[in-house]
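A short worksheet on the structure shown next.
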Amino acid sequence: MSTLSFSPHDTYNAFLCHEKEVAYGDGPLSGVPVAVKDNISTIGMQTTCASKILEGYIPPYNAHVVELLLASGAAIVGKTNMDEFAMGSTTENSAYGKTLNPCDITRVPGGSSGGSAAAVAGDLVPMALGSDTGGSIRCPAAFCGIVGLKPSYGRVSRYGLIAYSNSLEQIGPMAKTVTETAELFSVIAGHDPRDASSLDAPYKAALDPELKGKRIAVPEEFFGAGVHPDISKTIKEAIDTIAGEGAELISCSIPSMKYALAAYYVICTSEASSNLGRFDGIQYGKRLDTKKSWHDAYQDHRMQYFGPEVRRRILLGTFSLAAGYYGRYYHKAQTARQMITKEYNHILSKADAIMGPTMPEIAFPFGAKSDPLTMYQTDILTVPANLAGLPALSVPCGTVDGMPVGLQIIGACGADEMVLNLGYGYEEVAS
Ligand code: GLN
C-alpha cells in the first residue's frame, strides 16, 4: 500500500468531500486519483446524494464498483456533487450549492453528475464515476467537454448505488479521452450476483479506431425542433468527418421519440416515489428530534430535508401509481417504452450505431431554466437510450459560442465495445 496526498484547488465546488491522504494498491489503475459520484456507497466516506436527508450518512459497505476500483489500485479521492438524488440536468438541485462549469463558470456544468464532470474537466482528477438514469453522465460530459459512457443496462453492477430509478440507471465512466474512459470501464464492468440485473459481460479495453465500412444511422428526430441549429450544424460536420473515413450514413426516423420524454418522466418518478420511501428519518442520515406521532414526524422530516425537486417527483410518481391513474399513466408509459425500444432495436439491427447530438443546446447560464418542464425538455435526446437499455457515449466534437458540444453515439444493447470504438475512431480523426 502506498499513499497519495490530494488537495485539489476546487474552485468549482465539484467535491462534496475529499480525502487528504489516500491509500492505494497495485493494479491497472495503481495510484490514479478517481472521484466518485455521491450516490455511490463508500465505507468511511459520507454518501449523501447531495441531500440534507442523508447528511452524515456513512455507508457500512462499499458499492461493487468501489470494491473493483480499490482492487484495481485506484485512489478514491473523494465524492462529487450532483443534483439531489440524481434528479436534474444542471447540478443546481444539490443541497450543498451548485457546481461551476470549468469551461465558463457562469454556466451550469450539466447534471446530475456535474461534480464528476467538473472534477475531470477542471483537471482535479483524470477519471470519475457518474450515474446515468436519463442522461446524467452524457449531459455533463457534453456541457464540460469531456467523454462519458452510459453502459448497456446490466453491464455494470448497481449494488451500492443509491437507487433513483432502478430500471433506467447505470453507473459509468467519465474522463477526458475515450482511451481513459474505456480503461475505467474495463475496471467496473462485469457480473455481480448481488445485482439481479447484472450481465456476465466483462469489458476488455482494446480500442479499434476503424471507421471504414461502419453503418451509422442518423435519425431526423435528433435534428428536429428544439435542437439549436448551431448544434445540428456542428454534429453534422462531425458525422461527415466520420463518413469521410469510409463510414456509410443511413438516414432514418424514430417516430416514437415524441413519447420518450413523457414516458421517461412517468417511469422515473414512479420508481423514485417507491425508492425514496425508505428515507424516514429513522434508519439513515439525519434524524428529526421529535415527540410527534410517526405519521407527523415522517411528514415533517421529509418536508424539511428533501429539496423541492425531489418532493415534486415523489408527488408525481405517487400520483402516476395511484389506483385509478395507474393504467392512464404508468402502464401507458411502459407501452411507450416498449415501442421506443422496438424502434431503436430495429434501426440497430441494420446499423452499427445511431449518431446525433447529446444535448439540444450548449451549457446555459445558472437559473436560465426556472420552470421544471423547460428543464425536463433538455433531456429529450438522452432518455431514449435509458428507456431501451442501450449503451450511449458522449464525445466532444467542437464548440458553439466557445462552449463544448457532445456527439452522442448509441449502440445496440451489449455493444458498448462498438460505441467506444466509434468514439475512439472519431477522436483520432478529429484531433
Ligand atoms: N435529467 C434527468 C432527470 O432529471 C436525468 C437524470 C439522471 O440521469 N440521473 O431525471
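Note that the structure is predicted; figures quoted are calculated from it, not measured. Start at 1 and go down the list; that is how both ligands and their atoms are numbered. Keep in mind that the numbers below use all heavy atoms, side chains included, and drop hydrogens, waters and symmetry copies.
With ring centers used as reference points, Tyr376 lies 6.0 Å or more from Tyr264.
Contact check for Lys98 versus Asn13: no side-chain heavy atoms found under the 4.5 Å cut-off. The side-chain heavy atoms of Leu381 and Phe222, taken from C-beta on, include a pair separated by under 4.5 Å.
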Practice prompt. Test Thr42 against Lys79 for side-chain hydrogen bond (donor to acceptor under 3.5 Å, both in side chains), laying out the working first.
Written response: CA-CA 9 Å; Thr42 41; Lys79 305 299 291 290; 2.9 Å; yes
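Salt-bridge check for Lys176 with Asp123: passed, with a basic side-chain N closer than 4.0 Å to an acidic carboxylate O.
Protein residues lining ligand 1, listed by chain and number: Ala86, Met87, Gly88, Ser89, Ser112, Asp132, Thr133, Gly134, Gly135, Ser136, Tyr164, Tyr264, Tyr265, Arg313, Asp379 [non-hydrogen atoms, distance under 4.0 Å].
For the side chain to side chain contact (heavy atoms under 4.5 Å, CB included) criterion with Leu407, the lone passing option out of Ile239, Thr234, Thr358 is Ile239.
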